[in-house]
Amino acid sequence: MRLQVHHGRFLSLLLLLGAPALSGCLSEREKTVRRLLETRECEGCDLKDASLEGANLEGARLKGATLMGAVLARANLRNADLTEAGLEGVDARQADLRGARLDDARLLSAQLQGATLEGVDLRNAKNLESVNFEGANLRGVNLEDSSLYGQSGPYRRSKKRHLYDVPGGGALVRRADLSGANLRDATLANCDFAGAIFRGADLRDANLELSNLEGADLTEARLSGASWTDESKCGKDSVGRCIPTRSR
């Protein structure tokens with residue numbers, strides 16, 4: 001019995017003394033993740049494929065960081081600086097991105113289903129046409145004079161106009177809440193907005209050609225000068241619905 005007790009104490013002591021050594025066995029990626037979680041400072045870091053699900057990264061400084069393929073589902077990224085960050089293929093479903101800075105961030109194929117981006121300025125974010133915004137909170141976002149349409153878009157419902165046109169598509173934005181969003185002059189062609197909420201949104205002069213607006217809520221949305229889904233032009237003072245300009 002005394003031998004067993006002595007052996008148990010020896011193991012405990014060995015583990016205690018070995019803890020620093022064990023930490024030294026961490027990969028560079030794991031060390032980087034640990035440093036980020038402890039300091040929230042990781043500008044230019046390589047966090048490719050990192051596991052950060054549910055992490056509290058509020059106010060984190062991630063400018064220029066590589067987060068390609070990282071898992072950030074349900075993470076708290078409020079007020080995080082993601083300027084110039086590589087977010088290609090990132091899984092940020094249900095993440096909180098309120099107040100986050102996304103200027104020049106690359107979002108190719110990012111998964112933002114159910115994420116909260118309320119009030120975020122997306123005008124200078126890149127590859128938005130390839131993002132999955134299904135069910136996301138996009139209330140009050142700023143997309144003025146920006147685009148959710150491009151060759152990378154997954155929602156392809158194109159119509160050829162010229163012999164050499166290449167089919168393109170827009171973003172998936174089904175059931176997203178865009179209430180009060182600034183979408184003036186935005187190119188929103190070929191997007192899937194089925195069931196989306198546009199209450200009070202500014203859609204003046206926006207391009208909605210060939211987009212899917214089935215079941216969308218346009219209550220009090222301003223549509224003056226917008227190009228409608230059928231390519232007609234909405235008349236002056238169109239609010240809540242498109243009143244096509246009469247042809248001369």
*asked:* For a quick test of reading the model, state the closest non-hydrogen atom pair linking L138 to A181 and the distance between them.
replied: O-CB, 4.2 Å
*asked:* A side-chain contact here means heavy atoms from C-beta on lying under 4.5 Å apart; do L148 and F193 qualify?
replied: yes
*Taking 4.0 angstrom as the limit, do E28 and K31 come out as a salt bridge?*
yes
*Can you name the nearest heavy-atom pair linking T229 to S211, along with the distance?*
CG2-O, 3.2 Å
*What do the steps show when you test V120 against L102 for side-chain contact (heavy atoms from CB on, under 4.5 Å), and what is the final call?*
CA-CA 8 Å; V120 172; L102 290 164; 3.9 Å; yes
*Answer yes or no: are there more than 12 heavy-atom neighbours, outside E41 itself, under 6.0 Å from its atom CD?*
yes
*Might you point out which heavy atoms bring A201 and L178 nearest each other, and give the distance in Å?*
CB-O, 3.7 Å
*Would you give the length of the straight line joining atom CG of L87 to atom CG of L112, rounded to the nearest 0.5 angstrom?*
8.5 Å
*Measure across L36 and C42 and return the closest heavy-atom pair with its distance rounded to 0.1 Å.*
CD1-CB, 3.8 Å
*Would you check if the side chain of S147 reaches a backbone N or O of Y149 as a donor-acceptor pair within less than 3.5 Å?*
yes
*Would D104 and N124 count as a side chain to side chain donor-acceptor pair (under 3.5 Å) if you check the C-alpha gap in whole Å, the side-chain angles of each, and the deciding distance to 0.1 Å?*
CA-CA 6 Å; D104 295 314; N124 295 312; over 6 Å; no
*asked:* Checking side chain to side chain contact (heavy atoms under 4.5 Å, CB included) between L172 and each of N212, V131, D192, which is the one that passes?
replied: D192
*CG/N142 to CG/L183 distance, rounded to the nearest 0.5 angstrom?*
8.5 Å
*List the steps, then state whether salt bridge (Lys or Arg N to Asp or Glu O under 4.0 Å) holds for K48 with D46.*
CA-CA 6 Å; K48 183 179 179 181; D46 182 1; over 6 Å; no
*Heavy-atom donor-acceptor pair, Q94 side chain to A92 backbone, under 3.5 Å*: no
*Taking only residues at least two apart or on different chains, which pairs with a member in residues 120-136 satisfy salt bridge (Lys or Arg N to Asp or Glu O under 4.0 Å)?*
D121-R123, E134-R175
*Just how far is it from atom CD1 of I197 to atom CG of D177, taken to the nearest 0.5 Å?*
4.5 Å
*Step by step, work out the side-chain contact (heavy atoms from CB on, under 4.5 Å) result for L47 and V33.*
CA-CA 7 Å; L47 292 160; V33 168; 3.8 Å; yes
*Minimum heavy-atom separation for S130 to L108, with atom names?*
OG-CA, 3.2 Å
*asked:* For the CD atom of E118 and the CZ atom of R78, what is their distance to the nearest 0.5 Å?
replied: 9.0 Å
_R204/D202 ion pair, N-O < 4.0 Å_ = yes
*Would you check, one step at a time, whether the test side chain to side chain donor-acceptor pair (under 3.5 Å) holds for E144 with N182?*
CA-CA 6 Å; E144 184 175 1; N182 182 0; 3.0 Å; yes
*Any sub-3.5 Å donor-acceptor pair from S238's side-chain atoms to L223's backbone N or O?*
no
*Give the intermediate values and the outcome of salt bridge (Lys or Arg N to Asp or Glu O under 4.0 Å) for residues E88 and R106.*
CA-CA 6 Å; E88 298 93 337; R106 303 178 299 280; 3.0 Å; yes
*Are the side chain of R40 and the backbone of E58 linked by a donor-acceptor contact shorter than 3.5 Å?*
yes
*Straight-line distance of D91 CG to N132 CG, nearest 0.5 Å*: 10.5 Å
*Which heavy atom of D217 sits nearest a heavy atom of T219, and at what distance?*
OD1-OG1, 2.6 Å
_Short side-chain to backbone donor-acceptor contact, E38 and R35, under 3.5 Å_ = no
*When you check the side-chain N and O atoms of D96 and N76, is any donor under 3.5 Å from an acceptor?*
no
*May I ask you to check whether over 12 heavy atoms, not counting those of E30, lie within 6.0 Å of atom CD?*
yes
Table please: side-chain donor-acceptor pairs of residues 61-71 below 3.5 Å, with sequence neighbours left out.
unit_1, atom_1, unit_2, atom_2, d
R61, NE, E43, OE2, 3.2
R61, NH2, E43, OE2, 3.0

*Sub-4.5 Å side-chain heavy-atom contact between L52 and L37*: yes
_So, taking the atom named CG in L117 and the one named CG in L97, what distance separates them when rounded to the nearest 0.5 Å?_
5.0 Å
_Please identify which of these residues, L210, L208, L213, V173, meets the side chain to side chain contact (heavy atoms under 4.5 Å, CB included) condition with L188._
L208
